[in-house]
2 protein chains.
Amino acid sequence: MSGGEKVLNERKKAILKAIVDAHIAGGEPVGSKFLTQNQQIGCSSATIRNEMAELEEMGYLEQPHTSAGRIPSEAGYRFYVDQLIDRYNLTESEIDELRGALRQKQNELDAIMQTAVTLASKLTNYTALSLRPRQARISVGRFELMRLDDTTAVLIMLIGSVVKTKYIRSNRTIPPEATAMLAGVLNAKITGLTAGEITLPLVMEMERMMGDYDYLVTPVVRAVCETISGFDGGDLRFEGINRLLAYPEFYDMDRLRELLALFEKKDTLLEVLSDEARSGDRVQIFIGRENLVKVMDNSTLVFKTVTQNGKPVGAIGIIGPTRMNYRRVIATIDSLSRGITETIDGPRHPEGDES
Amino acid sequence: MSGGEKVLNERKKAILKAIVDAHIAGGEPVGSKFLTQNQQIGCSSATIRNEMAELEEMGYLEQPHTSAGRIPSEAGYRFYVDQLIDRYNLTESEIDELRGALRQKQNELDAIMQTAVTLASKLTNYTALSLRPRQARISVGRFELMRLDDTTAVLIMLIGSVVKTKYIRSNRTIPPEATAMLAGVLNAKITGLTAGEITLPLVMEMERMMGDYDYLVTPVVRAVCETISGFDGGDLRFEGINRLLAYPEFYDMDRLRELLALFEKKDTLLEVLSDEARSGDRVQIFIGRENLVKVMDNSTLVFKTVTQNGKPVGAIGIIGPTRMNYRRVIATIDSLSRGITETIDGPRHPEGDES
DNA sequence: GTTAGCACTCAGATGATTCAAGTGCTAATT
DNA sequence: AATTAGCACTTGAATCATCTGAGTGCTAAC
């Protein structure tokens with residue numbers, strides 16, 4: 001598996017590349033006869049057959065059955081993406097579309113990610129996903145309180161760069177002057193604290209600070225705790241699930257069902273991706289069973305981290321059959337992720353921040 | 001089609017009901033022989049065959065081919081749900097689960113709907129959907145501005161009962177004292193206005209009011225307009241798409257793809273549902289082609305409006321094969337929608353409000 | 001009005017046959 | 001020693017004929 005990567009002579013490489021390309025294009029096993037048409041390989045079908053037999057022995061090719069051609073194994077795909085493909089660049093017009101779409105949404109990271117994922121699916125014709133990873137330490141950076149009427153108010157919390165809101169309903173009235181005061185107390189006392197760090201003495205101190213309005217503290221603090229605990233920041237979205245169905249490898253209903261269930265449960269994928277999302281700024285590729293849940297054999301996951309001011313804030317990617325158009329997908333994801341980063345980094349941010 | 005609904009004698013009703021029940025349970029065409037086992041129908045297979053022939057003539061039954069049994073037509077299902085099923089009540093434990101899950105999320109309508117739709121899918125084993133309809137006249141009811149650092153702030157807008165936020169970035173500094181002032185001006189001048197009603201003279205007046213900080217008005221107003229125009233309130237979510245695949249009627253890949261595309265585009269469904277969602281507080285049922293997009297023949301849509309203080313604020317429903325367990329689905333959707341309404345109406349709201 | 005009986009229909013299952021693509025191997029060739 | 005032509009062999013997929021049985025419609029008897 002790991003270790004001494006066998007060296008392939010040029011002809012083997014050409015053959016392997018031709019097989020993967022042909023199989024990606026057509027979906028069928030590839031035979032020796034067909035390969036003789038390829039200009040890069042100047043030899044007869046018999047020779048190719050010998051080479052193929054060796055490639056199979058090395059683990060790069062597989063045979064569905066005796067009388068069929070060869071298909072690439074997962075190792076074959078791996079070798080292909082690592083060593084055989086040259087970089088593919090998007091056309092000018094594609095880049096334009098991409099830039100244009102992103103520029104629309106100057107501000108909201110959420111909106112940008114949503115746009116990007118839609119675009120990714122459209123450009124590649126596979127299912128796309130966007131991810132915002134779980135956060136380790138969750139705390140509110142800032143509070144604001146908006147009074148709606150005598151008994152209801154909206155508590156507004158800034159968590160990282162996400163704004164969360166929660167309705168507060170009280171049995172007793174919420175006087176207008178109390179809201180600003182309460183917001184002040186919250187900002188003074190529990191910004192930067194995780195749910196576990198909000199202790200009873202702290203709450204009691206806040207009640208003392210609120211004087212006559214102490215009855216407001218408990219419900220509000222409870223709301224804060226609920227929000228913090230319920231918020232892990234993790235968010236995983238899919239676009240273009242229907243595109244999966246265009247590929248025959250997903251015609252197996254049972255497999256498809258499991259895959260869709262995976263999409264809906266999200267936890268598993270969220271975990272896998274959150275783990276990997278930190279690692280580096282290269283396009284990551286998981287082929288088949290390499291790293292993922294067992295459901296996803298004969299699927300490939302291609303994704304890349306999106307950074308803001310150098311810190312990872314999410315990822316976008318593509319899910320498709322192992323037999324996917326890697327060059328195109330990799331280029332798209334790479335450009336998109338770069339584009340997002342540029343867009344959100346655009347107005348340079350001062351160094352210090354409150355995360 | 002409409003008009004004089006033919007009257008069926010009791011035996012025909014019993015036969016029709018038995019056929020629909022059996023077909024829902026088994027998915028296969030139902031033959032005369034099988035029906036003789038049914039206690040409600042005390043006659044021989046030959047008699048049943050005669051009755052079935054008449055029912056077919058009336059349009060309530062269909063024959064896939066000569067030598068198969070009968071299946072209900074859409075009209076047959078319609079008659080069945082309108083006149084033949086008795087109300088099915090959820091078990092105590094089911095109701096408990098339902099109540100319990102809803103109670104968790106006291107506040108946020110969004111969160112409640114999310115919980116409900118997950119629950120609906122789980123309880124019925126079909127795909128569930130939740131809807132928040134488009135809104136006609138969109139305006140901001142309240143502004144708040146939260147300063148983050150010298151050049152960025154978060155604009156917080158209350159639209160209906162939804163809080164929307166937008167980041168504001170400025171080339172020039174945003175002084176702390178300007179934020180409260182700006183929020184005040186916004187609240188004074190453009191609450192209740194739609195995007196079209198925010199005119200240039202109005203903006204200029206606001207700039208005058210802001211004095212030295214007039215440069216902040218334009219970017220903020222632009223952000224407001226973008227938000228208002230981009231927000232139509234419409235939101236449509238699905239849960240349990242994978243459950244569709246359990247039913248053989250969706251084994252046709254092409255059909256399935258179209259259906260999934262429908263789920264992703266949303267516009268069409270959003271329109272259909274938004275239109276119908278206003279109408280009454282009964283459970284609505286669309287069978288096959290009755291009212292929907294052509295993609296959805298042999299699917300049925302069951303849904304019900306969710307109201308808050310008597311006003312419709314959304315809907316939840318189920319999508320499944322026409323051959324679905326109507327009694328169970330209807331009961332579930334009904335209870336859920338009731339449950340949500342109760343939960344959000346719970347703390348009585350004063351009459352007046354700002355929508 | 002109901003039922004038994006029977007000829008008829010037709011989708012689906014089963015099985016035999018053919019087809020063609022592709023291999024592996026051997027022997028000839030360079 | 002590497003390459004190639006040639007050929008026997010394997011095997012999934014496609015085609016076709018046959019069989020089966022569930023279910024019907026109709027007629028005649030009850």
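Letters go in sequence order (proteins before strands), and every chain restarts at 1.
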Novice: Using a heavy-atom cut-off of under 4.0 Å over every strand shown, decide if B:T47 touches base, sugar-phosphate, or nothing.
Specialist: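 Since a base atom lies under 4.0 Å of B:T47, the category is base.
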
Novice: Quick one, A:Y60 with A:Y77, criterion ring pair (Phe, Tyr, Trp, His ring centres under 6.0 Å). Give me CA distance, side-chain angles, the key distance, then yes/no.
Specialist: CA-CA 8 Å; A:Y60 294 124; A:Y77 279 114; over 10 Å; no

Novice: What is the separation between atom CD1 on A:I71 and atom C1' on C:dA21, rounded to the nearest whole Å?
Specialist: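 My rounded result for the distance is 16 Å.
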
Novice: Which whole-number value in Å describes the distance from A:I41 CD1 to D:dA2 P?
Specialist: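 In whole Å, D:dA2 P lies 19 Å from A:I41 CD1.
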
Novice: To the side chain of A:H65, which of C:dT23, D:dT4, D:dG12 is closest?
Specialist: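 Closest nucleotide among those given: D:dG12.
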
Novice: Which whole-number value in Å describes the distance from A:L35 CG to D:dT4 P?
Specialist: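 Distance check: A:L35 CG to D:dT4 P gives 14 Å.
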
Novice: The side chain of B:Q63 is closest to which nucleotide in this list: D:dT24, C:dT3, D:dG12?
Specialist: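 So the side chain of B:Q63 is nearest to D:dT24.
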
Novice: For A:A46, answer base if it contacts any base atom (sugar-phosphate contacts may also be present), sugar-phosphate if it contacts only those atoms, and nothing otherwise; contact means non-hydrogen atoms under 4.0 Å.
Specialist: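 The answer is base, as A:A46 lies within the cut-off (heavy atoms under 4.0 Å) of a base atom.
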
Novice: With a non-hydrogen cut-off below 4.0 angstrom, is B:S45 in contact with a base, only sugar-phosphate, or nothing?
Specialist: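 No contact.
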
Novice: Return whichever of B:P64 or A:G31 has its heavy-atom-nearest nucleotide of DNA chain C closer to the 5' end.
Specialist: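 This one resolves to B:P64.
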
Novice: In whole angstrom, give the distance that lies between atom CG of A:N9 and atom C1' of D:dA2.
Specialist: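 My rounded result for the distance is 12 Å.
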
Novice: For the pair made of NZ in B:K33 and P in C:dA4, what is the distance, rounded to whole Å?
Specialist: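 Taking NZ of B:K33 and P of C:dA4, I get 12 Å after rounding.
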
Novice: Would you say C:dC10 has OP1 or OP2 under 4.0 Å from some side-chain N or O of B:S67?
Specialist: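 No, outside the criterion.
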
Novice: For A:R257 and B:N242, test the side chains for any donor-to-acceptor distance below 3.5 angstrom and give the result as yes or no.
Specialist: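 Short answer, no.
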
Novice: Nearest to the B:R49 side chain among C:dT3, D:dC26, D:dA5, which nucleotide is it?
Specialist: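 My answer, after comparing the listed nucleotides, is D:dC26.
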
Novice: In whole angstrom, give the distance that lies between atom CD1 of A:I48 and atom P of D:dT4.
Specialist: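 Roughly 9 Å, once rounded to whole Å.
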
Novice: So does B:R70 get a side-chain nitrogen or oxygen closer than 4.0 Å to the phosphate oxygens (OP1/OP2) of D:dT24?
Specialist: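 Looking at the OP1 and OP2 atoms of D:dT24, one of them is under 4.0 Å from a side-chain N or O of B:R70.
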
Novice: Please report the distance, rounded to the nearest Å, between CD1 in A:I19 and P in C:dG22.
Specialist: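 These atoms are roughly 12 Å apart.
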
Novice: Figure out the CD1/P separation between B:I15 and D:dT24, and round it to whole Å.
Specialist: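 Nearest whole value for this atom pair: 11 Å.
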
Novice: Just compare D:dT4, C:dC10, C:dC25 and give me whichever is closest to any side-chain atom of B:T66.
Specialist: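 For the B:T66 side chain, the nearest candidate turns out to be C:dC10.
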
Novice: What residue among A:F250, A:F238, A:Y247, A:Y326 forms ring pair (Phe, Tyr, Trp, His ring centres under 6.0 Å) with A:Y126?
Specialist: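 With A:Y126 as partner, ring pair (Phe, Tyr, Trp, His ring centres under 6.0 Å) holds for just one option, A:Y247.
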
Novice: Only one of B:R49, B:R70, B:K12, B:R11 clears salt bridge (Lys or Arg N to Asp or Glu O under 4.0 Å) with B:E54; which?
Specialist: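 Going through the options one by one, the only one that passes is B:K12.
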
Novice: Would B:Y88 and B:R328 count as having a side-chain donor-acceptor pair, cut-off 3.5 Å?
Specialist: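 Present: a donor and an acceptor within the cut-off.
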
